[in-house]
Amino acid sequence: MSLEEYNPQKLENLIQESWKQMDSYKADLSETKEKFYCLSMFPYPSGKLHMGHVRNYTIGDVISRFKRMQGFNVLQPMGWDAFGLPAENAAIQNKVDPKSWTEQNIQSMRSQLERLGFSYDWSREVKTCDPNYFKWEQEIFTKLQKKGLVYRKKSLVNWDPVDETVLANEQVIDGKGWRSGATVELKEIDQWFLRITDYADELLSSIENLDWPENVKSMQKNWIGKSFGSEIKFALLNSDELTAFTTRIDTIYGVTFIAISPNHPIAQNLAKDNAEINEFIKECNAIKMAEADLAKADKLGLKTNLKVRHPFSDNNLDVWIANYVLMDYGTGVVMGVPAHDERDYEFAKKYNIEIKQVIESDELPSPKKGKLIDSDNFTGQESDEAIKNINDYLEKNAIGKSIENFRLRDWGVSRQRFWGCPIPVVFDKGKPIFLEKKDLPVELPKIKDGESPKPLSQNKDFFDLGSGKTREVDTFDTFVDSSWYYARFTAADNDEKALDDDSKYWLPVDLYIGGIEHAILHLLYSRFFHKAMRDIGLVEGDEPFKKLLTQGMVLKDGFKMSKSKGNTVDPQKFIDKYGADTIRLYMMFTSPPEQSLEWSDTAIEGSYRFLKRIWTLISDRKIFLEEPPKDFSKLELKLRQKSHQTLKKVTNDYGERNSFNTAIASIMELLNAIPDSFKLNDATSAEAFCLDEVIQFTLKMLSPITPHISLYLWKKYTDSDGHNFEHSWPKYIEDFLKVEDFQLIIQVNGKVRGKEIISVDADQTVIEKLSKENENVKKVLANQHIKKVIYVKEKLINFVI
RNA sequence: GGGGAUGUGGUGGAACUGGUAGACACGCUUGGCUUAGAACCAAGUGCCGAAAGGUGUGGGGGUUCGACUCCCUCCAUCCCUACCA
């Protein structure tokens, strides 16, 4: 079948059928080819692809196709992050089974992905809600427990007393439950934790070896937050003591109060027989606040009648309970130094606490290090020196020590949801038993038609196993599901084991592509999981993702596309109108992958127009197969040079820079550079040969981005089945890149005053002479004394006057 | 509050290593084709100015023969902040 006009719908359908028949993108181990595992972050199956998905998956597919053309053995899988809140919400709202809701969404999104022509190996598709997936997750959890990486701890959650459910942060709006509107309460419950902090040092140090963007590396380092500081004991007057953590022990003489977290055991104890303190702590703990909200909240404090003795000055200091002191960081006790800490300063001002300066500075508060003042023996020392000396003193007198501290906290993985992977634990009279492979998977209970899912804790059939045995009713955080899927893709068809030897061939992922919003949590959890799986013998290597590409967001009118803003654009509309190739081309052309992309309904027309021009140029032509002619004219050589230059640039832009927009621009330039006469029927054979070279290069260079039209036109142009086309990246010839002359920029005091075409053979003396002869330059230089001449080879000359 | 980015024509962006700012597109203007429109083709298009020329990369300052690029400072916008994924 042959098309007269460019008809993307028909053309793309034909090509996609041929891919399916050939099973073109199935990946297997290879003895001869170098592997390339290209992974894009799998989506939550919300129902429809959004522009962010289209962009993410186009980037991954372009790179996969390029690598395949270069001869790599490419694995590019796709799957579904299928557990999560939206399914549960939809299920409750519409009284449907979250499973069938999710399955339907997967079906429609998979067909959208297929329509876009992504070269996935669908035989490896995984769904995290499939027992064949989460069974292995449950087994891994049990193995992690054996390794000592699992423990149980009480922690606080947001509780909706009307719906009787635990709420996620985003489900709490102004302190009320989003559905019920009830005032949210804090509730303390037992939860499972993974000891990610055991790996804190390794997670920090091995960042250095990753080929990741520097900004993501910085974010992870700062999140882990290793700091060197001191623990110092303050004796309470009642013979008990409080231990504070500080990174600025040099300011010890500036301590004017002690602040403890509302959740500190001492505060909790005081609350027992003091109504005022009890009330205050309740106020601080009204809801579980996100760190950002906590930071913005007003500083609140309550003075207790506890006092401590300052270990250096013997003054007595008041102990305050303050909402800005976190129990999770350090020791939950802060030594208040208002003169040299912004938060302490604000607090001291509010409650009229003394401010005592102990570091030289012009104004207060001053958090900078400097020379100590009013600090007894340490006066006059610089901060770093004083820190060392004071730490020595603390250790000598057994009132403290220098320590390392991490900001990173252990990972709480318990969720009180229905639609998640059940945590594989059975309690026998309260004692946890971790289930082994033979008892797995623990599956979710079935939902009958017309029923909404209810929390597992309310489903007696599920949890009550009789004779004092009960099942764990919590499910895993969905981040657990997504922390190891990259590895499961390598063993997706293995029903016997979570992972097998194939992971040794395919891992690590060579390139991982996804949104910058995952820079910390998902990527850190996955790195931790990989190391933990390594230590239980499941995988090799220290890191899961060798190289990372973080894509920017898709914007409309300068804002992130979102339902609440009402500025979403459905990609399907544009796939229907222009086809997959056009939308892929637009996504890649319109901005570099790391930056945000501004969607424009009209600009996409330009990409469509470009493909139509390609069609017009090539669809009626046949390949020119003759040997290259012996002689080329200057014009012909110029075009050949442009072809090879473009090929070199595109190879580098795809392979090294991930700069697809500039690659496309240079292909456009190449096509614009074809002299009209070369396209005529009576063109000489040399001209035909040069045009032929442009066409062959262009189809291959465009193939990763617009695979359908490229393959279709290749078959037509070469009268072949295009058998090897998708494995044949062309090579440029160095000889064609050489230039004979260049454009010299002539500057006077850094301002461009003229341009001359100069032979590359010319030496500086000649160039200087020629430059001065330039009409315009001559005018500017008239009667001027030249102080200095700067010549940059084959670029510019600058006369300083 | 903390951490991380971004800022260039009317618009998306280019300038890769400190060396011609605005490549390549979108839009717009003019012309061609057309009964008309769409599509397509050609030319022009940072700003001020008739021109010569001047000016211009968020604002201010600095380093340099030369700065979108390096340094300081301020402003604006966005992402993450541990139960959205």
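All values below were derived from every heavy atom in this structure, side-chain atoms included, with hydrogens, water molecules and symmetry-related copies excluded. Protein chains get the first letters and strands the later ones, always in sequence-line order, with residue 1 at the start of each.
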- Output field dot_bracket for RNA chain B (Watson-Crick or G-U, both distances under 3.5 Å, | for other-strand pairs) contains (((((((..(((......[....)))((((((.......))))))(((....)))..(((((..]....))))))))))))....
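Looking at heavy-atom distances under 4.0 Å, A:Q743 makes contact with a base. When heavy atoms are screened at a 4.0 angstrom cut-off, A:K649 is found touching base atoms of the nucleic acid. At a threshold of 4.0 angstrom between heavy atoms, the contacts of A:P592 are confined to the sugar-phosphate backbone, with no base atom among them. Nucleic acid contact for A:F589: base, since at least one base atom lies under 4.0 Å from a heavy atom of the residue. At a threshold of 4.0 angstrom between heavy atoms, the contacts of A:T590 are confined to the sugar-phosphate backbone, with no base atom among them. Heavy atoms of A:R343 sit nowhere under 4.0 angstrom from any nucleic acid atom. Contact annotation for A:V792: base contact, defined as any heavy-atom pair under 4.0 Å involving a base atom. Across all strands, A:K787 comes closer than 4.0 Å to no nucleic acid atom at all (heavy-atom distances).
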Name the atoms and distances for all side-chain donor-acceptor pairs under 3.5 Å in residues 787-801 of chain A, with sequence neighbours left out.
from, atom 1, to, atom 2, distance (Å)
A:Y791, OH, A:E794, N, 3.3
A:N798, OD1, A:N749, N, 3.3
A:N798, OD1, A:G750, N, 3.0

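In this pair, A:Y199 and A:F528 present their aromatic rings perpendicular. The plane angle is above 60°, beyond the 30 to 60° band.
Contacts between residues 651-663 of chain A and RNA chain B, counted as heavy-atom distances below 4.0 Å, involve A:R657, A:N661, A:T662.
In this structure, A:I757 atom CD1 and B:U20 atom C1' are separated by 12 Å, rounded to whole Å.
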- Using a 4.0 Å heavy-atom cut-off, write out nucleotides 65-83 of chain B from 5' to 3' as B (base contacted by protein), S (sugar-phosphate only) or - (no contact). B------------SSSBBB
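A:W192 pairs by the side chain to side chain donor-acceptor pair (under 3.5 Å) definition with A:E472, not counting sequence neighbours.
Across B:C33 and B:C40, the matching C1' atoms stand 8 Å from one another, rounded to whole Å. Going from the C1' atom of B:C48 to that of B:G61 covers 26 Å, rounded to whole Å. Atom C1' of B:A23 sits at a distance of 5 Å from the matching atom of B:A14, rounded to the whole Å.
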Every protein N/O within reach of nucleotides 45-54 of chain B N/O, cut-off under 3.5 Å:
none

